[in-house]
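Following: one structure in structure tokens, then a few remarks.
What you see below is based on every heavy atom in this structure, not just the backbone, and it leaves out hydrogens, waters and symmetry mates. Every chain is numbered from 1 and lettered A, B, ... according to where its sequence line falls, protein lines coming before strand lines.
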There are 2 protein chains.
Amino acid sequence: MNAGRKKTFDTQEALDKATKLFWLNGYSGTSISDLTATLGINKPSLYNAFGNKEHLFQASLDHYMKHYGSPRWEKLNVSEEIPLEHRLKAFLQAVIKLVTDPGLPQGCLFVKSTCDSNSHALPEAITQTLKELASNNLTALEAVLRKERAAGSIPPTVDIDQMATYLASVLYGIAVLARSGSSADSLQKAADMAVSTLLQHKG
Amino acid sequence: MNAGRKKTFDTQEALDKATKLFWLNGYSGTSISDLTATLGINKPSLYNAFGNKEHLFQASLDHYMKHYGSPRWEKLNVSEEIPLEHRLKAFLQAVIKLVTDPGLPQGCLFVKSTCDSNSHALPEAITQTLKELASNNLTALEAVLRKERAAGSIPPTVDIDQMATYLASVLYGIAVLARSGSSADSLQKAADMAVSTLLQHKG
DNA sequence: GCAATTCTGTACCAGTCGGTACATTTATCA
DNA sequence: TGATAAATGTACCGACTGGTACAGAATTGC
């Protein structure tokens with residue numbers, strides 16, 4: 001079972017490095033040579049560990065959502081006793097901190113990749129994955145809002161889908177602005193504004 | 001002066017086709033072969049007419065802003081007698097119509113390209129151009145808001161930069177959502193909400 | 001020690017990339 | 001009718017693309 005030569009690299013570490021490279025340069029902007037250089041391994045090792053470029057990207061997307069995306073989304077569900085406005089602000093603040101983190105690529109891998117979907121710069125299977133992830137995001141927002149509406153902190157007349165789409169647009173727009181160099185500070189002010197009057201909104 | 005063989009194609013038509021191809025597939029996702037095939041011309045003709053890939057992309061960005069972007073932005077300045085709310089909604093409605101137009105690539109070339117900036121999937125000069133375009137967009141929004149504030153239709157305490165960044169995030173987010181397949185209808189509802197949120201905001 | 005197993009490094013594959021040299025065709029001007 | 005100018009089609013360039021064959025190195029169980 002444990003026979004054979006030992007791996008000289010850690011698969012998870014390599015996956016994280018690959019994720020950051022895709023995050024920075026995108027799918028078609030990242031070559032296998034870029035990857036092997038950054039990961040410090042040779043091509044056969046890479047192909048043995050991750051299959052091919054498309055599989056590696058899928059794994060990177062998954063890794064990104066689990067390790068960079070989800071921790072921010074948890075801010076929305078931390079506790080229903082905290083007012084929705086505070087949770088939304090905390091969520092967006094955490095997102096802004098991520099997408100402007102100087103130690104990480106600017107912006108968001110999901111948003112960036114979504115802009116590549118439905119093109120032949122991206123394999124169809126990846127476009128499909130991205131569509132599912134987008135749907136999951138909207139569903140998560142809707143679930144939070146629905147709970148709030150049931151709890152009475154949001155008017156019963158409010159259109160949940162509308163509000164979720166609105167929040168998603170602010171969320172994704174922030175990622176684009178971060179990529180274009182906007183400061184965390186100005187993004188935070190915009191995010192506060194996006195949330196501030198949300199609760200006053202009458203369906 | 002008029003000596004020499006006649007061109008067999010129209011430069012502007014070819015530029016528009018190239019723009020749509022970049023719009024669909026992005027800079028690094030569009031090859032010279034793709035371009036010559038779609039434009040129906042050979043490589044020497046393409047290089048003679050547009051320089052090289054980078055120059056062609058710069059020209060495409062310019063063409064895009066002039067022929068697809070600007071007409072929408074004009075909705076903001078159509079007349080100061082029309083209430084800001086109506087102009088903002090008309091602006092966003094026109095943008096949504098563009099980014100979801102079934103006869104055009106989904107989303108926005110500027111937003112898509114911005115997500116590629118600061119990466120080696122894009123020449124540095126193009127990243128610089130995109131940064132300038134982003135700055136122009138923010139400045140245009142700020143100018144509109146400043147006028148409104150001076151005219152008294154927006155509270156004098158309002159932070160113009162904050163409001164402009166907020167609008168930009170909604171605007172860019174809509175382009176991302178369009179690319180991921182959101183319907184014009186749901187985007188329109190989200191945009192309406194964004195506008196009413198903005199108008200309810202008190203500095 | 002010795003097979004079996006697994007990873008590593010090198011060297012290579014066909015195909016495509018952006019870009020160009022060059023000869024040819026088509027036009028204008030003298 | 002040339003001479004000149006400009007656009008065309010073909011054929012090619014070195015570099016890079018994603019991907020792999022193969023030999024050798026390292027580890028295990030027997």
Side-chain angles (χ1 to χ4, degrees), chain A residues 1-15 17-19 21-22 24-61 113 116 119-127 129, chain B residues 1-15 17-19 21-22 24-61 113 116 119-127 129:
Chain A
M1 260 329 181
N2 326 11
R5 189 169 173 174
K6 295 290 184 194
K7 259 200 224 172
T8 60
F9 65 98
D10 180 74
T11 307
Q12 277 304 109
E13 274 181 29
L15 180 57
K17 285 178 187 170
T19 301
L21 208 55
F22 282 129
L24 178 64
N25 294 322
Y27 182 81
S28 71
T30 304
S31 71
I32 299 291
S33 303
D34 292 336
L35 287 162
T36 53
T38 298
L39 273 58
I41 62 180
N42 294 104
K43 284 202 243 180
S45 298
L46 187 146
Y47 278 85
N48 180 53
F50 301 108
N52 60 10
K53 191 184 177 182
E54 180 175 345
H55 282 121
L56 174 54
F57 187 82
Q58 293 269 21
S60 291
L61 258 182
S113 302
D116 292 335
S119 84
H120 71 238
L122 217 57
E124 267 192 41
I126 296 177
T127 289
T129 299
Chain B
M1 256 338 179
N2 324 11
R5 189 171 174 175
K6 297 291 184 193
K7 258 199 223 173
T8 62
F9 64 98
D10 180 76
T11 308
Q12 276 304 109
E13 274 182 29
L15 180 57
K17 286 179 187 169
T19 301
L21 209 54
F22 282 129
L24 178 64
N25 294 322
Y27 183 81
S28 72
T30 304
S31 72
I32 299 291
S33 304
D34 291 337
L35 287 162
T36 55
T38 299
L39 273 56
I41 63 179
N42 294 105
K43 285 203 242 178
S45 299
L46 187 146
Y47 278 86
N48 180 51
F50 301 108
N52 61 11
K53 189 184 179 184
E54 180 176 344
H55 282 120
L56 175 53
F57 188 81
Q58 293 269 20
S60 292
L61 259 183
S113 302
D116 292 335
S119 84
H120 73 236
L122 216 56
E124 266 193 42
I126 297 178
T127 290
T129 299

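Checking A:Asn42 against A:Arg5, the closest nucleotide of DNA chain C that is more toward the 5' end is the one next to A:Arg5. Toward the 5′ end of DNA chain D lies the nearest nucleotide of B:Lys6, the other residue of the pair B:Lys6 and A:Glu54 mapping further downstream.
Between A:Asn52 and the phosphate of D:dG18, there is no side-chain N or O to OP1/OP2 separation shorter than 4.0 Å. Contact check, A:Ser33 against D:dT17: a side-chain N or O comes under 4.0 Å of OP1 or OP2. A close approach under 4.0 Å does occur between a side-chain nitrogen or oxygen of B:Thr8 and OP1 or OP2 of D:dT8. Dashed line: the shortest gap from a side-chain N or O of B:Lys53 to OP1 or OP2 of C:dG18 is under 4.0 Å. For A:Lys43 and D:dG19, the shortest distance from a side-chain N or O to OP1 or OP2 is not below 4.0 Å. One finds no side-chain N or O of B:Ser31 lying less than 4.0 angstrom from the OP1 or OP2 phosphate oxygen of C:dT16.
As a whole-Å value, the separation of A:Leu35 CG from D:dG19 P is 11 Å. As rounded to whole Å, 7 Å separates atom P of D:dT8 from atom NZ of B:Lys7. In this entry the distance linking OH of A:Tyr47 with P of C:dG9 reads 17 Å, nearest Å. Spacing between atom CD1 of A:Ile32 and atom C1' of C:dC17 amounts to 16 Å, rounded to whole angstrom units. If you take CG of B:Asp34 and P of D:dT17, they are 17 Å apart, rounded to a whole angstrom. Between the P atom of D:dG19 and the CZ atom of A:Phe50 lies a distance of 14 Å, rounded to the nearest Å. Residue B:His55 contributes atom NE2, which lies 12 Å from atom P of C:dT20 at whole-angstrom precision. Rounded to an integer number of Å, the gap from B:Ile41 CD1 to C:dT25 P is 21 Å.
Inspection of the A:Ser113 and A:Asp116 side chains reveals no N or O donor paired with an N or O acceptor under 3.5 Å. In this structure, a donor-acceptor pair under 3.5 Å is absent between the side chains of A:Asn48 and A:Ser45.
Considering only the side chain of B:Asn48, D:dA7 comes nearest among C:dT20, C:dT28, D:dA7.
Under the 3.5 Å distance criterion, the side-chain polar atoms of B:Lys53 are left unmatched by any main-chain donor or acceptor of B:Ser28.
Nucleic acid contact class of A:Thr30 (heavy atoms, under 4.0 Å, all strands): sugar-phosphate only.
A 4.5 Å side-chain heavy-atom check between B:Leu61 and B:Phe22 finds every atom pair outside the cut-off.
Considering CD1 of A:Ile32 and OH of A:Tyr47, their distance stands at 3.5 Å, rounded to 0.5 Å.
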